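Here is the structure we will look at.
Model, not experiment: these values are computed from the prediction. Letters A, B, ... are given to chains in the order of the sequence lines, protein chains preceding strands, and every chain is numbered from 1. Computed over heavy atoms, backbone and side chain alike; hydrogens, waters and symmetry mates excluded.
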Amino acid sequence: MAGVRGYGGGIVGRFSDEPDEYPGVKEYHTARLNQIEGFFYTSDVLRKLADICDEHAGGLFNFHGSTGDIQILGFKQEEAEELFQKCTHLGFDLGGSGSALRTPSCCVGPARCEWATYDTLHITDNLTREFQNEMHRPTFNYKFKIKCAGCPNDCIASGARSDLSIVGVWKANIRIDQKEVAEYAKKFDIKKYVVDKCPTHCMDYTDGKLTIDDSNCVKCMHCINSMPKALRPGLEKGAQIRIGAKVPMVQDPRLGFILIPFYDVNKDKEEDYAFLKDLIQKIWDFWDEYGTNRERVGELIQRVGVGNFLEAIGLDPLPEMVEYPRANPFIKFEEYLVPDDEEEGKEG
Amino acid sequence: MAGVRGYGGGIVGRFSDEPDEYPGVKEYHTARLNQIEGFFYTSDVLRKLADICDEHAGGLFNFHGSTGDIQILGFKQEEAEELFQKCTHLGFDLGGSGSALRTPSCCVGPARCEWATYDTLHITDNLTREFQNEMHRPTFNYKFKIKCAGCPNDCIASGARSDLSIVGVWKANIRIDQKEVAEYAKKFDIKKYVVDKCPTHCMDYTDGKLTIDDSNCVKCMHCINSMPKALRPGLEKGAQIRIGAKVPMVQDPRLGFILIPFYDVNKDKEEDYAFLKDLIQKIWDFWDEYGTNRERVGELIQRVGVGNFLEAIGLDPLPEMVEYPRANPFIKFEEYLVPDDEEEGKEG
Amino acid sequence: MPDVDKGTVRITDIGPPHYEDFLPPIIKRNYGKWLYHEILKPGVMVHVSESGEKLYTVRVGSTRIVSSDFVREISDLADKYCGGYLKFTTRNNLEFLLDKEENIEPLIKEVQALGFPVGGIDHSLGNIVHTQGWLHCHTSASYASGVVKALMDEFYDYFVSDKLPAKVRMAFACCLNMCGSVGASDIAIVGMHRRPPRVMADRVKDLCEIPSTIAACPVDAVRPKTIDGKPSVEIDEDRCVYCGNCYTVCPALPIADPLNDGVAIFIGGKVSNARTKPTFSKLVVPWLPNNPPRWPEVIEAVRTILEAYKEGARKGERVAEWIDRIGWPKFFKITGFEFTKYHIDDFRIR
Amino acid sequence: MPDVDKGTVRITDIGPPHYEDFLPPIIKRNYGKWLYHEILKPGVMVHVSESGEKLYTVRVGSTRIVSSDFVREISDLADKYCGGYLKFTTRNNLEFLLDKEENIEPLIKEVQALGFPVGGIDHSLGNIVHTQGWLHCHTSASYASGVVKALMDEFYDYFVSDKLPAKVRMAFACCLNMCGSVGASDIAIVGMHRRPPRVMADRVKDLCEIPSTIAACPVDAVRPKTIDGKPSVEIDEDRCVYCGNCYTVCPALPIADPLNDGVAIFIGGKVSNARTKPTFSKLVVPWLPNNPPRWPEVIEAVRTILEAYKEGARKGERVAEWIDRIGWPKFFKITGFEFTKYHIDDFRIR
Ligand code: SRM
Ligand code: SRM
Ligand code: SRM
Ligand code: SRM
Ligand code: SF4
Ligand code: SF4
Ligand code: SF4
Ligand code: SF4
Ligand code: SF4
Ligand code: SF4
Ligand code: SF4
Ligand code: SF4
């Protein structure tokens, strides 16, 4: 087996089936190094990583792995410990692998994007530090992924591949600069390319004036994307939390569903994300108690029922959680009236 | 039990739980009389039905039952035979019930509608006569329903509640009368209420001229519905055949899928609907062979797989059959290469 | 009339009377030749043929469950105004077919004098399609005709006018079997049981085939059990979803329960292919009590829906399209209906 | 740099270096204060801050699997033009962040001289996100980097320009595990096995935990079987869907098969919430052979898709939106791809 002392993951072992014929790659392991949030580096630190990689591994990297880690490819188990310690001395730790929390990752967010409604780098860094143990010592039923996108464009593709996806969103009205709208109007047909494409048809452009019925806006970003100089996300910024996305194994691929339509992440930041951490812990506890081996949390929720899951983690059902309410009428009512007192009762 | 000699259905029996307390309704059966196609009647025949109903039943009717039958309510088994024979002498036979073909029904079609692309009354009448035995002597796994709508408006709601749904459709271009378009333009905003609502955005209305890119038209009827004087369905008329719709029991409600995107029903009419009857027979044979008790044909197809079903009834898979192609990658390949000859082989 | 010996032979398998014999002459002449139609006023339309002939239709709301006297009354009107011809619609309305425009108003007066409304065309509330209910069905969780009558009395105005944003198709089914096209209606009201069937243990063996009773249950809640030495079944309360399927197969498992039966409301279904694809109705109110004779709770809920729709939908938007645009969260916000775990579909893995 | 004793102690659980230490000064000053951005030319954009400061980004296509020499080369460029700072993107591109507009062109020249393309912004073909493939993974049915290199050579032009109707996100995963965000890409290429794993009967007991191997199979095709007196498993060929899940759990069930491994193409996925909801990619080509080193069949299929899209989509329409508008039947008609039973989803009851 490949790995380092005290860690249950972070290194993926690979042994050749024909070690005698190919002694050079009889072992060819990969280390996952937790990337720097936002994928920001300095030349200095990169060169030092290159040196470590040359010295202890095959001189090959992935910048980055699909989860987000830096990967160092092609070392032998005997090099593992030194490679690891050199990395830690440079400030890098291992990322996740196996049935553990996987290395969280995020979009560039407020560092270089005007649309981020919260600090994606800060939250990702904070959660990563908080859950070092869950990342390095696999005790889950299966993997668990967290990704943070600053706005509904979801530039980290969190919605399709993270058990917990945090996506920035806002509440107040989209900020409109009519002068800049007029500038864009010179460049393209605003009615055709912006207004007519609004999914809820809540925009209007008449007599050179753009108006938005924000009460019907679903915060899709399209209009803002199209005219970044003229439109800006509304204030009252927060995030949406989705749960349960994953790719095919074992059940089939699925997108997540909205667990919290508006999470006041900027307020929670001031409290060291206490609310979020508590929520994550409750989800893990539930998964730990009811999940089976190799069952992602989304599959578990489907198996036991969304209602039961919500009850367990203490959230109320909301229409935002479903694409649409049920169409099939097989409702498992739990309340009923009892003949004697004609009072509403709960099933035993 | 309630019923008439030689028939396995057409009468739904109802016995009171408390016959002694309510002797008048200790039996209260219902006869389903096959309606006249299009629900056309004369006062003469209606009065005679009223007389039979008064004489042998409770003087109550349903015009009509949800499947389409006339229902005569509230008779005793001892009246059944005479009631039945009086009806047949008037020209009426019983409809379907139980695990049988149910009384087919249709929209008013060419009798009073300008949009019917085929003769809904003729085909429904023809199939009903052809399958008298399948209707009157239940031998199926469960019920089987056929409904015929003259165009995609589906005024008989076939798409949501018939195992086999036939819906008129056309191939050639929608016929446009620009003069009448101009008349409608005086009454409402054609761009807003017609063009912008076309689901495939294949219409254009510029400088008072309406154009349609028929190659992208999905024959939804919206534009025609909105301007019946100006637009007419294209020529080359036919129908779409859908299979598998049903309401909840036992699996859950489902809409059907398109089995035949364009069925040349008007040609088939000249051949006494030989193609359609053959298709129906093949579907029944398959259902008979593989279906279980109380399994609707749509549930069976889902259980055994659409591909296998199509193979059995001799149809090719077509993209029209699915809302979208599969997203999950668990493909059950049947072809593979064999090492020796490197030839494409079929699984044994 | 079909050509069979009406004297002595027992007649079977003749199928329905042939429709051609029941078409009014104007229809026979113009069959398949209609060019266009126009809606003249609520409940009245005209179809114009290639030949130039005009056919006037007056649509009359019917109760569907009708007496033989009603049948005779409408027959008299058909004789008087339509040469003895008349038809019904797929939603159980009655239609008088006139070839003379001047007959429209006198006919309408007589119809109204009989107490029946003229309307139901275009942007109106259509006739409520419904099922047997307590009248004739053993599975029913509610009284079809009763609820429908209460609703139609209340929303009469939407039937006789066309002031809704688009067609609204309302339907009622008295149990989960959902007889009728209720599953895909703009507004669907469905009878709901809330308790498992009671096992009449001593009668199961005589009245039922136990294996098929067990097989009938969609959630495997029915299990074989010997009770007092007799083969019978038991029902797992924790699993049962009160669908009544086992009862359909086995009459010794009655499910009706006056206290706990009621109705649910599903909305946003649609059958036509116009603009958007057909779709089933979705749950908005999981349960309301049976409160005869006027079902005030049901009427209130439907009013809430209709008013929100009338207020919020744009011209031409069916209920489904309206909600599609504004989103379900907004719908629940506007209407104030409570969103519960019952609204989330867990029944089947999907 | 994190504040730990770097001398003697064994360091663990420190987490990543703190990002603040790696942000260029201009970003630190304007963190969270960006006002808008403009795309200046393919691969180059500017972000303008509330403070008026301007940050120029030059996006460079990277191969993701890179050598330490590459790392040193880009570090040199970062030193020369960007004060030693640089970043990667979520799709494995490299970005140079400049505070001086006049550095853009010289930098681009040097980047191109190294053999790397500048582009991938706006209506372009983004960098192909991919996975390990034959390089490092045992489950792989294809060679990630090889196919991606062949594709990017071929469609280079779409990366360095922005002449597609909208962003096209292409991704490659070498097996059904679908590492990466391949499942929701505009164009997804996925390695496919077509034969069940081989059972190395004598090694199962030693290498695998039999119950979890059996449990791993999504279609219950793995069954316990004693072979030559040793506990082992057998695989039901008629059920197996070649997913490799059992192999992941049990290395004695190798699934790779040079003759029958290949790739499938899925399209029309989307992650962003702009205009339409996120959605998974759908199958268009069930299987194409591995044909190294240039995978001509795959390239042809992707070309067909890209050209049909370029031709048919309206400005601003992602692949998913384009097909949504024209319909899948039309898509298959235009492209000539065969529609087979494999395109119909029967795997799960839904
Ligand atoms: C290295 C990496 C691919 C890459 O080249 O980028 C990778 C490689 C492997 N993945 Fe993955 N996965 C990688 C990101 C992903 C992602 C993307 C993501 O995390 O955003 C996914 C899809 C998202 C998800 O989790 O749903 C992903 C979904 C899987 C799955 C399917 C899980 C499922 O629930 O369906 C498996 C199968 C398994 O866990 O047994 C898997 C299993 C594996 C294994 C461990 C297969 C195995 O049994 O050995 C691969 C090891 C390859 C190797 O030799 O290094 N990998 N894997 C990615 C991790 C690098 C990193 O840490 O940055
Ligand atoms: C009379 C009628 C309701 C009405 O008042 O209009 C009716 C009445 C019954 N239906 Fe129905 N169904 C009637 C049309 C329908 C329809 C609508 C249609 O045919 O277009 C449906 C939905 C379409 C479909 O079949 O999917 C329908 C779906 C059911 C089901 C559920 C079937 C399923 O696969 O989910 C059952 C349950 C069963 O078969 O056991 C059912 C069972 C029943 C039974 C036989 C229940 C029973 O076990 O006794 C009802 C007998 C009532 C009685 O006492 O007369 N009835 N039933 C309709 C037939 C009249 C006619 O012949 O014109
Ligand atoms: C008479 C009838 C056919 C029959 O054979 O009985 C009929 C007749 C007409 N339908 Fe219909 N439809 C009839 C049931 C239906 C149904 C089925 C149902 O309600 O169960 C539907 C599907 C409803 C649904 O989608 O849920 C139906 C969806 C339409 C539509 C599509 C409306 C839409 O935009 O979604 C049109 C077109 C329109 O009205 O613009 C239409 C149009 C028409 C026209 C204008 C066709 C014509 O040119 O003659 C007829 C009068 C319109 C009206 O009623 O407003 N008819 N029509 C049925 C009258 C039922 C009733 O008494 O209320
Ligand atoms: C740098 C990066 C974030 C990061 O932290 O690394 C980024 C950066 C930007 N994205 Fe993104 N996106 C990045 C990955 C993504 C992804 C994720 C992915 O591709 O895996 C998505 C989701 C793609 C999808 O839906 O499948 C994504 C969907 C968008 C969209 C929505 C596009 C749409 O109409 O669907 C926009 C808005 C736009 O371009 O109009 C956007 C807009 C932007 C803007 C304009 C934001 C800004 O103001 O700075 C940035 C430059 C645009 C560009 O590349 O054309 N970004 N963007 C990622 C660059 C990846 C790359 O190298 O190609
Ligand atoms: S997800 Fe939003 S905030 Fe983050 S980089 Fe993309 S556009 Fe900017
Ligand atoms: S963000 Fe999307 S939904 Fe909101 S107004 Fe803009 S385009 Fe419309
Ligand atoms: S389905 Fe079409 S043809 Fe039949 S009545 Fe309705 S609109 Fe006319
Ligand atoms: S029938 Fe429907 S799809 Fe075709 S042009 Fe008219 S509105 Fe568009
Ligand atoms: S819906 Fe249920 S209760 Fe009503 S008639 Fe149909 S089977 Fe009977
Ligand atoms: S009522 Fe339905 S769910 Fe309950 S036991 Fe009977 S069949 Fe099963
Ligand atoms: S997609 Fe499959 S083969 Fe490729 S890296 Fe992931 S697990 Fe390995
Ligand atoms: S490859 Fe997948 S489907 Fe086949 S036996 Fe293994 S786990 Fe089952």
Under 4.5 Å from a heavy atom of chain A, the part of [X] involved:
X        : result
Thr89(D) : backbone
Glu73(D) : neither
Leu55(D) : side chain

- Could you list the residues that satisfy side-chain hydrogen bond (donor to acceptor under 3.5 Å, both in side chains) with Tyr81(D), not counting sequence neighbours?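 Testing Tyr81(D) for side-chain hydrogen bond (donor to acceptor under 3.5 Å, both in side chains), a comparison that skips the adjacent residues, returns Glu110(D).
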- Message: List the residues meeting side-chain hydrogen bond (donor to acceptor under 3.5 Å, both in side chains) with Gln71(A), not counting sequence neighbours, and say none if there are none.
- Response: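 Expected list: Gln132(D).
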- Message: Parallel, tilted or perpendicular, judged at 30° and 60°: which one describes the rings of His138(D) and Tyr247(D)?
- Response: tilted
- Fit a plane to each ring of Phe39(A) and His64(A), take the angle between them on a 0 to 90° scale, and name the class: parallel (under 30°), tilted (30 to 60°) or perpendicular (over 60°). tilted
- Query: Is it true that His47(D) and Tyr56(D) have ring centroids separated by less than 6.0 Å?
  - Reply: no
- Query: Is the ring centre of Phe75(A) less than 6.0 Å from the ring centre of His56(A)?
  - Reply: no
- Which residue out of Leu49(A), Ile156(A), Thr292(A) racks up the most heavy-atom pairs below 4.5 Å with chain D? Ile156(A)
- Query: If you count heavy-atom pairs under 4.5 Å between each of Asp154(A), Thr103(A), Val247(A), Asn62(A) and chain D, which one has the most?
  - Reply: Asn62(A)
- Highest number of heavy-atom pairs under 4.5 Å with chain A among Met178(D), Arg275(D), Lys277(D) belongs to Arg275(D)
- Message: Which one wins on heavy-atom pair count under 4.5 Å against chain A: Phe70(D), Tyr85(D), Trp34(D)?
- Response: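 Counting heavy-atom pairs under 4.5 Å, the top option is Trp34(D).
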What part of [X] gets closer than 4.5 Å to chain D, counting heavy atoms only: side chain, backbone, both or neither?
X         : value
Thr30(A)  : both
Glu37(A)  : both
Asn225(A) : side chain
His29(A)  : backbone

- Between Asn30(D) and Ser51(D): side-chain donor-acceptor atoms closer than 3.5 Å: yes
